[in-house]
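Heavy-atom basis, side chains included; hydrogens, waters and symmetry copies ignored.
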Amino acid sequence: MPVLLVKIVNGLSEMPLPSCVQKEELNNLREGVDYANKYFQGVAILSYPLMKLEDGTNVFKVVLQDTSNLCSRINSINVLIYGKMAEDCSKVLQHGDTFVVAGFKLAKSPTAMEDGRHSCQLEVSEGAGSAVYVCGYPTLSCFSVAPKYAYTSLNQLKDGTIVNLYGVVKFFKPPYVSKGTDYCSVVTLVDPSNAKLTCTLFSGNVDCLPKIYKVGDIVRFHRIKIREYNGQMQGITSGGFASLTFDGTVGAPIVPRTCSKVYTFMEEELKTINELRVWAASNLSISGPPAKLSGVQPMLFFDLTCQLVGKAKVDGSSFLLKVWDGTKCPYPTWKVPVEERDLEGEKVLLNQLRNLTADILVYDNHMQLAKSLKIGSFLRIYSIHAKQGSADNENGSHIEFHLHGGTCYGRGIGVLPESNPEVKELKEFLDSVDLSESQDMESMSALEAESTSNNVADLESHLQRCQQLPVTVLTDHQDMKNTDLKTILNSTAPQQYRIRAKLRSYKPQKLYQSVKLHCSKCNSLQEVPIDDDFDFSLQGSAVTAPNTIFHNTSWYDSVMWTTQDEKQRKIVIHFVRHDELLQQPKDTLVMIEGGTLKEMWKLTKRFKCVIPVRSAENGLQLLDLSSPFLLQGNVKYYGCKQCSTPKPIKSLGSLAAEQQPSWEPTEIAQVLGIEPLQYVFVMKFTLVDGTGPLNVYLFDYEKFFQIPASEILTSNYLQQKMEMTMNTLCPPGRKLADLPWLECFIKSYNVKDETKHQVYYQIFDTTVAEDVI
DNA sequence: TTAGGGTTTG
C-alpha cells in the first residue's frame, strides 16, 4: 500500500481514510493487540535520516506527537517505517505535517527509557498491509499549492486535448512487452455518460501502468492525451501521465494502487469513486467469482489466481509455469515433460504439491514475462485455454492448460501484490490445505478428490443426470423399439432404427472444424473460406477503381471518399433506397466497393445487409464466389460456384422496388442468380452399446445442437455452448461405464461407385436433451 | 516506436 499525500484545502475537516479503519488514541495502545484495522494520527515533530538495515531494507524513523493529548506525561511515540514506504515517506515528510498510520504493528520500544516516549513503537511496512497518509501543515502557503483537477466525462473528449478522467474498466490487457521499447497495456473504460474510451498506455516501467486486476476496477487517469483514431476517440499516454486504480466493488476499502509517490486524494475523490462503484454495479456486467482449478471447464478459457511453485524452459517458443490454487482439477491433467535441471523451484514443495499443481504452457510473447516471475509470487493468468488433449490411453483424454501467444481477449499474466485482498484470502486457503491428504488423493478417482471442494453438489448432480436420463432424445418415432448396433451392422441398407448407445469418441475434436458449407442442389460440401481469403479477394477488387458512371441511380445513392493513409484507397457505399427514400439503417441494404473486411463488419453492425461489389464494364457486379455475396448480422453468405449464374447487381433493383423489401438472404440470392450454400455441422460419432462400435454421421443445420451452424463461427458464446454440450455427451477423462446414454434415430444408406459399395449411417430426428443445453 | 480490444486453438 502506498504513501498518500493529502493536501489540506480550506474546509477539509477530516482525513479521507478507508471507512473500515478506526482511530486509536495514544494512551490506549497496548502490546499484543491487533492494529490491522486501526489508525493512529499525530504530528511529525522529529524525523531521522533514512537508514539501511543489514539486509539492505530501508528504515525511516519519525516521532509523532498526539496533539489531542498534549497534557499527558507521555504524548509522543516512535514510528519505524520499513522498505519502499520508508523511502517514499522520507521524501515527502516535513516537520509539522499531520501523519496518519493505518494498519500498523506495535512492538516494545528499545529506546523508551532514554527518549521518554511511549513504551511501544509503531512498525509500518507495505508487507504488513500498512498505509501512511501525510497531510501538509495547514498554513496559508499550502492553500495555493493544492491543485484542483477538472475531470472530463468520456462523452466530452476532444481530439488533440490532454485531459484528466475517471472510468470503470470494461476490458483490459495486463501489461505486456510491446514490440517497441516499452510495456503496453490496453484499457477500455466506460462511465455514466455511456461513452467508451479505449486507451493504449505505454511505459518503460511496468509499475507505472495502471494496476488493474479485474474488469470493474475504477481508474483515475491524469494527463492522458486524446486522439481520434478510426473515427473514435482514443486515449494514449502523454508526458506526465499518472494513474490511480481502485477496487470497483461497492463497500470495499478505497485504497489507491499507484506508483506515484505523491498525489492528491481528497473527499471529492472518495465521492466520485463511490458514485462510479454504484453506477457500475447496475450498468456493467462483471462475471461471477473467478475460476478455481477444481471448477475448470474443458475446452473453455478462464482466468486463474494462483501461486507460482515452479517454472522451466521448454523450447524456443514455450515456457512452463507450475502453479497451484489449493484445489484439484477434476480431470486428468497434462504434465509437460521437462528436464529436471531446467525446472526451477523448491524441489520438496514441487513434490509435495505434485497432485495439486497445474502445468501451464505459455507461448511466444508471454515467455519473457513468465521467465522473469519469482517463484512463490501470486499471479493472475488471464484467458488460459483448458484444451482437451488427445485420447492417449484407455482412460480417455486429459486437459492441457495453454496461454496462447498474442494478447487477444486480454490474454496475459499479472503479478498480484501480497497486500491484495484476494491474495490474502488465497494465502490463507493455501495455508489451510492439508498436503498429506492431497498426496493420498493419488489413489482416489478424480471425482472423489473433487468431493473436497465446494462445488461437489453440482458435479454429482451432473453425473447422476448423465447416468440416468439419455442426453439426446428423439423428436419423433417414440413407439419404435431399440435395435442393438451389431444387428444394424449385419443388416442391409437402407433402413431406419432407434438406438440407445454411448458416444465413445467423435471427430473432429476441434469443433469449429465441423462447420462446412453445403449445396442442396449439387449436394457438395466445402470448407468455410477463411477471412484471409476474403480479405485478399477484397484487396484484389480494390485495385479496380470505382466507376462513377454507376453511382447514384434510380434505386441507390452513392457516397465516395478517399482514405487518408498512403494507399489513398477509394471507398464507395451505395445506399439502397426504397420508395425514393432512405430507410432506417437497420432496414437498409448497402453495397460497398473498395472496403476492407474490418470496414465491412462495422457496416453490418449498423445496416441490415452488406453486399461487397466492384465496378465492371457493364455495371456493378458481385465479387467472385470465393467471397460471400452477402453479409448479414454475423453471418457471411456464400454461393455455390458450380450451381450459381451470377447476375449483375442491377437485378437487385426489382427487390428494392417491392412494397416492403425484407432483404431475406434467400430472396437476394435468387434475384442475383446465386445458389446459396448452407452452413452445416458435419461430425462422425463412434457409438458403442456393448455389441459393437458403429460410426454414424451427424449432418445438422441447427436441429441437433439447437445452435444455427451459420452463427457458430462468429459467436464465442455459441462455441462455448456447443463445447459444453459435447462435454456432456462425451465427458473427457471418463471411463466407458460412466458415459451417458444417447437415444438416437439413425438411417442406413448405400453409397456405390464403380469400385466399391459402402453402407453409411446418419443421425435423424434427434436432438440434445433440453436440460443438457 | 510500441498498439490501436472485437479474437484465441501449438
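- You'll find that the side chain of F202(A) is closest to dA3(B), out of dA3(B), dT8(B), dG4(B).
- Across the P atoms, dT9(B) and dG4(B) are found 16 Å apart, a figure rounded to whole Å.
- Neither side chain, E400(A) nor H385(A), offers a donor N or O lying under 3.5 Å from an acceptor on the other.
- The separation between R227(A) atom CZ and dG4(B) atom P is 13 Å, rounded to whole Å.
- Listed nucleotides dA3(B), dG10(B), dG5(B) differ in distance to K387(A); the shortest reach to its side chain belongs to dG10(B).
- Residue H404(A) has its side chain nearest to dT9(B) when only dG5(B), dA3(B), dT9(B) are considered.
- Taking the 5.5 Å centre cut-off and the 30° plane limit, the aromatic side chain of Y229(A) is classed as stacked on dG4(B).
- Residue contacts for K605(A): at a heavy-atom cut-off of 4.0 Å it reaches no nucleic acid atom on any strand shown.
- An aromatic stack links Y363(A) and the base of dG10(B), using centre distance under 5.5 Å and interplanar angle under 30°.
- Counted by atom type alone, S203(A) and N205(A) present zero donor-acceptor pairs between their side chains at under 3.5 Å.
- For the C1' atoms, the distance linking dG10(B) with dG5(B) amounts to 23 Å, nearest Å.
- Among the heavy atoms of the strands lying under 4.0 Å from G405(A) is at least one base atom, whether or not backbone atoms are also near.
- Nearest to the side chain of S178(A), among dG4(B), dG5(B), dT2(B), sits dT2(B).
- If you check every strand for non-hydrogen atoms under 4.0 Å, L361(A) touches nothing.
- At a threshold of 4.0 angstrom between heavy atoms, the contacts of F301(A) include nucleobase atoms, whether or not backbone atoms are also involved.
- When rounded to the nearest whole Å, the span between CG of L713(A) and P of dT9(B) equals 14 Å.
- Taking atom CG of L597(A) as the reference point, atom C1' of dT7(B) lies 13 Å away to the nearest angstrom.
- Backbone-only engagement by Y176(A) is indicated by non-hydrogen atom pairs under 4.0 Å involving sugar-phosphate atoms exclusively.
- Across all strands shown, N230(A) has no heavy atoms under 4.0 Å from either base or sugar-phosphate atoms.
- Listed candidates were dG5(B), dT2(B), dT7(B). Nearest to the side chain of K173(A) is dG5(B).
- One interatomic measurement links the two molecules: CZ of F172(A) to C1' of dG5(B), which rounds to 12 Å at whole-angstrom precision.
- Atom NE2 of H402(A) and atom P of dT9(B) are 11 Å apart (whole Å).
- Neither OP1 nor OP2 of dG4(B) sits under 4.0 Å from any side-chain N or O of K179(A).
- With 3.5 Å as the limit, one finds a donor-acceptor pair spanning the side chains of K173(A) and T407(A).
- At the heavy-atom level, S383(A) lies under 4.0 Å from base atoms of the strands shown.
- Surrounding NZ of K225(A) are at most 12 heavy atoms belonging to other residues, nucleotides or ligands under 6.0 Å away.
- Taking only distance into account, the side chain of S318(A) never meets the base of dG10(B) through a donor-acceptor pair shorter than 3.5 Å.
- Remark: ring of Y512(A) does not overlap the six-membered base ring of dT9(B) in a stacked fashion, as centroids less than 5.5 Å apart with planes less than 30° apart are not both met.
- Within 4.0 Å (heavy atoms only), S317(A) reaches at least one base atom of the nucleic acid.
- Two residues are said to be in side-chain contact when any heavy atoms from C-beta on lie closer than 4.5 Å; V572(A) and W561(A) fail this criterion.
- As rounded to whole Å, 9 Å separates atom C1' of dG5(B) from atom NZ of K170(A).
- Checking dG4(B), dT1(B), dA3(B) against every side-chain atom of C184(A), the shortest atom distance belongs to dA3(B).
- The side chain of D182(A) approaches dT1(B) more closely than any other nucleotide in the set dT1(B), dG10(B), dG4(B).
- We find that CG of D359(A) is positioned 18 Å from P of dG10(B), with the value rounded to whole Å.
- Donor-acceptor pairing under 3.5 Å is recorded for the side chains of R380(A) and T305(A).
- The closest side-chain donor-acceptor pair between T596(A) and E599(A) falls under 3.5 angstrom.
- K598(A) has no side-chain polar atom (N or O) that falls below the 4.0 Å cut-off from OP1 or OP2 of dG4(B).
- dG5(B) atom C1' lies 11 Å from atom NZ of K602(A), rounded to whole Å.
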